[in-house]
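Please read all numbers here as calculations on a predicted model, not as lab measurements.
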Amino acid sequence: MSGRTKPETEGVTLLGNQKTKYPTDYAPEVLETFINKHPDNDYFVKFNCPEFTSLCPITGQPDFAAVYISYVPSERMVESKSLKLYLYSFRNHGDFHEDCMNIIMKDLIKLMDPKYIEVWGKFTPRGGISIDPYCNYGKKGTMWEQVAIDRLTHHDLYPEKIDNR
């Protein structure tokens, strides 16, 4: 059987909706999920979000980043349009880079209960310094808990050469 049944996509309301409203501040309530048809397979889903913006909580100046979200789904998966709107909701939200990445990760854990997830923000420099917070989580009591520890302790062993920011 190919495609998706109506029950498998129940709760997905934003995809295909031509009257999309963009949130003006942090809005985790826009996130939607759908059923993972392959929960018995472990596989990564990766989102690359090169146009993330938020505000500095002190100065109100904009911060720009590429955000990478990778996760191993369990029973539910995040719907991409709702994720786009959610990430857009940070546009007028004032928080430090590290806080934004941890908030995103925790909201997605609460939403989907994934086996594993990591969120990495690569912010463009402001004041001559860039900040690249990385956070991850592996479901407790599973092999993914150890994967999280390993990836966290080794995630930047071979740092990228940065010549474009």
Side-chain angles (χ1 to χ4, degrees), residues 11-12 14-15 23 25-57 62-126 129-165:
V12 175
L14 297 169
L15 190 59
D25 201 2
Y26 171 67
E29 66 276 4
V30 303
L31 287 167
E32 297 180 344
T33 64
F34 60 93
I35 292 171
N36 176 13
K37 288 173 65 171
H38 312 282
D40 51 330
N41 294 352
D42 287 346
Y43 60 97
F44 271 96
V45 176
K46 184 173 185 180
F47 292 100
N48 303 308
C49 315
E51 298 175 342
F52 180 85
T53 60
S54 61
L55 298 177
C56 172
D63 292 314
F64 302 90
V67 174
Y68 303 95
I69 300 167
S70 295
Y71 74 99
V72 177
S74 186
E75 300 298 321
R76 309 280 315 165
M77 300 175 72
V78 66
E79 191 279 315
S80 61
K81 184 174 181 181
S82 75
L83 179 63
K84 176 182 80 168
L85 293 173
Y86 167 73
L87 293 173
Y88 179 88
S89 80
F90 281 83
R91 184 179 187 127
N92 295 316
H93 180 74
D95 236 331
F96 292 119
H97 304 339
E98 300 85 350
D99 296 321
C100 290
M101 297 306 102
N102 276 281
I103 289 166
I104 291 166
M105 183 184 73
K106 288 177 180 179
D107 283 345
L108 292 172
I109 291 168
K110 182 178 177 184
L111 178 76
M112 299 183 294
D113 189 29
K115 296 174 184 179
Y116 174 82
I117 188 167
E118 60 188 31
V119 178
W120 197 344
K122 297 189 177 202
F123 285 80
T124 57
R126 200 155 48 80
I129 189 168
S130 64
I131 302 172
D132 295 350
Y134 171 89
C135 53
N136 74 359
Y137 160 85
K139 188 176 269 198
K140 303 243 182 286
T142 71
M143 71 174 215
W144 294 104
E145 184 176 20
Q146 186 60 49
V147 169
I149 293 167
D150 291 344
R151 285 178 75 100
L152 182 64
T153 57
H154 296 96
H155 92 280
D156 213 10
L157 275 179
Y158 306 101
E160 65 193 319
K161 178 180 179 216
I162 299 172
D163 57 9
N164 66 340
R165 49 179 176 134

- Query: Above 12 or not: heavy atoms from other molecules or residues under 6.0 Å from CZ of R91?
  - Reply: no
- Item | NZ/K139: more than 12 non-hydrogen atoms of other groups inside 6.0 Å | yes
- Using a 4.5 Å cut-off on heavy atoms from C-beta on, say whether the side chain of F52 contacts that of I104. yes
- Query: Does P39 offer a backbone N or O that forms a donor-acceptor pair with the side chain of K115 under 3.5 Å?
  - Reply: yes
- Query: Donor-acceptor pair, N36 side chain versus S74 backbone, under 3.5 Å?
  - Reply: yes
- Sole residue of N92, D95, I103 in side chain to side chain contact (heavy atoms under 4.5 Å, CB included) with Y26: I103
- Message: Are P133 and F123 packed together at the side-chain level, in the sense that at least one heavy-atom pair is separated by less than 4.5 angstrom?
- Response: yes
- In sequence, state the C-alpha distance, the side-chain angles, and the governing distance for E118 and Y68, and then conclude on side-chain contact (heavy atoms from CB on, under 4.5 Å). CA-CA 8 Å; E118 60 188 31; Y68 303 95; over 6 Å; no
- Task: Would you name the heavy atoms of S82 and E32 that are closest together and state the gap between them?
- Result: OG-N, 2.9 Å
- Query: Is the closest side-chain heavy-atom distance between S54 and F96 below 4.5 Å?
  - Reply: no
- Criterion side chain to side chain contact (heavy atoms under 4.5 Å, CB included) against V67, the qualifying member of E51, M101, K122: M101
- Note on the structure: Heavy-atom closest pair (P23 atom, V30 atom, distance to 0.1 Å) is CG-CG1, 4.4 Å
- Query: Within a strict 4.5 Å, meaning less than it, do heavy atoms of the V78 and F47 side chains meet?
  - Reply: yes
- Query: Taking the side chain as C-beta and beyond, is there a heavy-atom pair between R126 and C56 under 4.5 Å?
  - Reply: yes
- From S70 atom OG to W120 atom CH2, the distance as rounded to the nearest 0.5 Å: 10.0 Å
- Message: Evaluate V147 against N136 for side-chain contact (heavy atoms from CB on, under 4.5 Å), listing each step before the verdict.
- Response: CA-CA 10 Å; V147 169; N136 74 359; over 6 Å; no
- Item | Rounded distance [0.5 Å steps], CE in M143 versus CG in D42 | 5.0 Å
- Query: What pair of heavy atoms forms the shortest contact from F34 to E79, and how long is it?
  - Reply: CE2-CA, 4.0 Å
- Got P114 and V72 here, is their nearest side-chain heavy-atom distance under 4.5 Å? no
- Might you work through the side chain to side chain donor-acceptor pair (under 3.5 Å) test for E98 and N102, ending with a clear yes or no? CA-CA 6 Å; E98 300 85 350; N102 276 281; over 6 Å; no
